[in-house]
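Accompanying notes for the structure given below.
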Amino acid sequence: MFGLGWAEALALVVIALLVFGPEKLPQAASQAGRTLRQLRQMANNAKEDLQANMGPEFANFDPADLNPKNFVRKHLLDDVEKDWNATPGVGTETETTPTPELGVGEIPPYDNEAT
């Protein structure tokens, strides 16, 4: 739960008892739960509005992808992991056709699309 262990959770409960008192603690807990639920609903509505108004090309858009750590992992490291996990000798070599060597004074071929 939020990276908290039992000792930290127990410490938070004791602090809450001291701050709010045993009479008002249930009210404070219900108010905190209601506020958390409203924040989640607002975040989900904002996400749905973004996806609805961005058009069909952003149908797979996830706001979590805007986090730089997730962006790097998704766009850069996935390719590296695929290369590392590839079976050696299967689909890793590229077949190239040997190019003939040019003779003395021979002009290399010209490619219009390369310039």
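For this chain, numbers begin at 1 and follow the sequence in order.
- Follow the hydrophobic side-chain contacts under 4.5 Å out from Leu25 and you never reach Leu18; the two are in separate clusters.
- Rounded to the nearest 0.5 angstrom, Asp49 CG and Asn44 CG are separated by 11.0 Å.
- When all heavy atoms of Leu17 and Pro22 are compared, the closest pair comes out as CD2-CA, 4.1 Å.
- Checked options Met42, Lys47, Gln41; the residue passing with Asn45 is Gln41 (criterion: side chain to side chain contact (heavy atoms under 4.5 Å, CB included)).
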